[in-house]
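One structure is given below, encoded as structure tokens.
Chain identifiers are assigned alphabetically (A, B, ...) following the order of the sequence lines, protein sequences preceding nucleic acid strands; residue numbering begins at 1 within each chain. All values reported here derive from a predicted model rather than from experimental measurement.
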Number of protein chains: 2
Amino acid sequence: MANLTSHIHCQNCSMAALCLPYQLDQEGMNRLDTIIQRHKPLHKRDVLVNAGAPLKYLYAVRSGSLKSYTIDDNGVEQIIDFHLPGDLVGFDALAEGQHRSYSQALETTMLCEVPIVSLDELVIEMPSLRKQMMRLMSSEIFSSKQLLGTLNNRSAHQRLAHFLVTLSDRFKARGLSSTSFRLTMTRADIGNYLGLSVETISRILSALQGEGVIDVQNKLVNIIEPARLRELAH
Amino acid sequence: MANLTSHIHCQNCSMAALCLPYQLDQEGMNRLDTIIQRHKPLHKRDVLVNAGAPLKYLYAVRSGSLKSYTIDDNGVEQIIDFHLPGDLVGFDALAEGQHRSYSQALETTMLCEVPIVSLDELVIEMPSLRKQMMRLMSSEIFSSKQLLGTLNNRSAHQRLAHFLVTLSDRFKARGLSSTSFRLTMTRADIGNYLGLSVETISRILSALQGEGVIDVQNKLVNIIEPARLRELAH
DNA sequence: ATGATTTCCTGATTTAGATCAACATCCCTA
DNA sequence: TAGGGATGTTGATCTAAATCAGGAAATCAT
């Protein structure tokens, strides 16, 4: 374990395939490396960005997880996204140059920070980086619209099943287990995100366990019948 | 009325401020003009793009309106967006290079078509065009996530009020009346989009009319008390 | 124009999920 | 390691919106 460099290298990052470096050649990675900085680790509940703050960096999650949320006129938190390793935080801020949501760590979380000004310059010279940025944004547009439809017209059972399936798929894409993972967010967070009450989340998790589809021990989820769960999500 | 040119000019387009040309100088507009083509007008119910079709053009709505929707495994249509003049159709396709939703005209609709390959080239040389693309995509990301939250935790009344307020704001941004407009989509479309039944949409429109907040004559909506409606949307 | 079909409205009934309530368990902090 | 707030579970009740049902109006095709 000689790799104790103080700087991050996209080359060694297991999330590179999902993140900005995707399809970059060696030289491209090096150039990206020169602008990327390491952010000090966040602890659970630490806030990474505040809504309204000027956009200075785009953040890439190296490990851990965050939730993004807005706070409405009545002071009510509204979760709009959960971020896993490889995800980028801050796309919604590009339009106005300032963040439009809060992002808070759900557990100890490591991040790369990409200065927007440097990224802007790099994007001019590197078509594949530009492509990847577009790709990531485009995916985010589709998935959030898709989700809207999915949630809107589905029952509580289907919503939660869909949520678990989506998490499972995302973990899989990150080389992690698709059948066994930890819910780093609370039941209340899940309910808030899915538009359901905490009680409903609890009840449905219990019900799914009763049916033998999943096994839940507190935060730990084991998907016993992935196909069945996927079916329930419709 | 001498302007019978067969080609479109961004300079004269009333939607330019919302669309790709935003913040482009004269020369920029000219260059954009050289690649933009006019699409033949769509009639009501004409389908502009099919899900799965390769992405060749980004479309800008000149006049009229469209709905975008996916069709799930059970053949059920799920509306994910309504497009008004100035809006761009096709951002969700950039990631995979193929459209991920269907887009269908809700009325007679005029479009500009922007070849992706040419746009790709132009974007390299024109930082302000690139910025605007990013800006538009970023806005779309935020607004769809925001909408998700908004709809998820709100009552049917709030959802529909929010829908009307959003439409009103969008018409206003386009230089059209914010208080008097036509719903080009059916009640079923609205219900599908908001996750409510047709009957509920009908009932709430009647109720809002009863309370004197709006006046509805078939497709025509008159917002009598905009402040009150905004309040109802929370 | 005229019938046919789609769209829209209103009432009656049912139900999924919210809310209220009470308790159990977890996990911080001192 | 004990105590206390946060988090999670389960049950009972209530309610908003879905569903079912029947017409009325608008729109389309001939």
Checklist line | For atom CG of A:N153 and atom P of D:dT19, their distance in whole Å | finding: 10 Å
Notebook entry, point to check: In whole Å, what is the span from the CG atom of A:L196 to the P atom of C:dT19?
Noted result: 11 Å
Next item on the list: Measure from the side-chain N and O atoms of A:T200 to the backbone N and O of A:L196, and report whether any donor-acceptor pair falls under 3.5 Å.
Entry: no
Next item on the list: Would you please say whether a donor-acceptor pair under 3.5 Å links the side chains of B:D169 and B:S178?
Entry: no
Margin query: If I take atom CG in residue A:L208 and atom P in nucleotide D:dG8, what distance separates them, rounded to the nearest angstrom?
Written below: 16 Å
Check: What integer distance in Å separates A:L151:CG from C:dG17:P?
Finding: 13 Å
Check: Can you tell me how far C1' of C:dC26 sits from CG of A:L220, to the nearest Å?
Finding: 14 Å
Note to self: Both conditions, 6.0 Å and 45 degrees, for the charged tip of A:K67 above the ring of A:Y69: are they met here?
What the structure shows: yes
Distances under 3.5 Å between nitrogen or oxygen atoms of protein and nucleotides 7-16 of chain C:
| unit_1 | atom_1 | unit_2 | atom_2 | d |
| --- | --- | --- | --- | --- |
| C:dC8 | OP1 | B:K219 | NZ | 3.3 |
| C:dC8 | OP2 | B:R187 | N | 2.7 |
| C:dC9 | OP1 | B:R187 | NH2 | 3.3 |
| C:dC9 | OP2 | B:R187 | NE | 2.9 |
| C:dC9 | OP2 | B:S202 | OG | 2.5 |
| C:dC9 | O5' | B:S202 | OG | 3.0 |
| C:dT10 | OP2 | B:S206 | OG | 2.5 |
| C:dG11 | N7 | B:R203 | NH1 | 2.8 |
| C:dG11 | O6 | B:R203 | NH2 | 3.4 |

Margin query: What is the distance, to the nearest angstrom, from the CZ atom on A:R182 to the P atom on C:dC26?
Written below: 14 Å
Check: So, do A:I201 and A:E199 sit near enough that their side-chain heavy atoms are less than 4.5 Å apart?
Finding: no
Notebook entry, point to check: Quick one: do the A:D92 and A:S101 side chains pair a donor with an acceptor below 3.5 Å?
Noted result: yes
Next item on the list: Report the distance from atom CG of B:N152 to atom P of C:dG17, rounded to the nearest whole Å.
Entry: 13 Å
Check: Nearest-Å distance, CD (A:Q209) to P (D:dG8)?
Finding: 15 Å
Item checked: Side-chain donor-acceptor contact under 3.5 Å, A:D215 with A:Q209 -> yes
Notebook entry, point to check: OP1, OP2 of D:dC28 versus side-chain N and O of B:K44: anything below 4.0 Å?
Noted result: yes
Next item on the list: With heavy atoms under 4.0 Å as the rule, sort B:G195 into base, sugar-phosphate or nothing.
Entry: sugar-phosphate
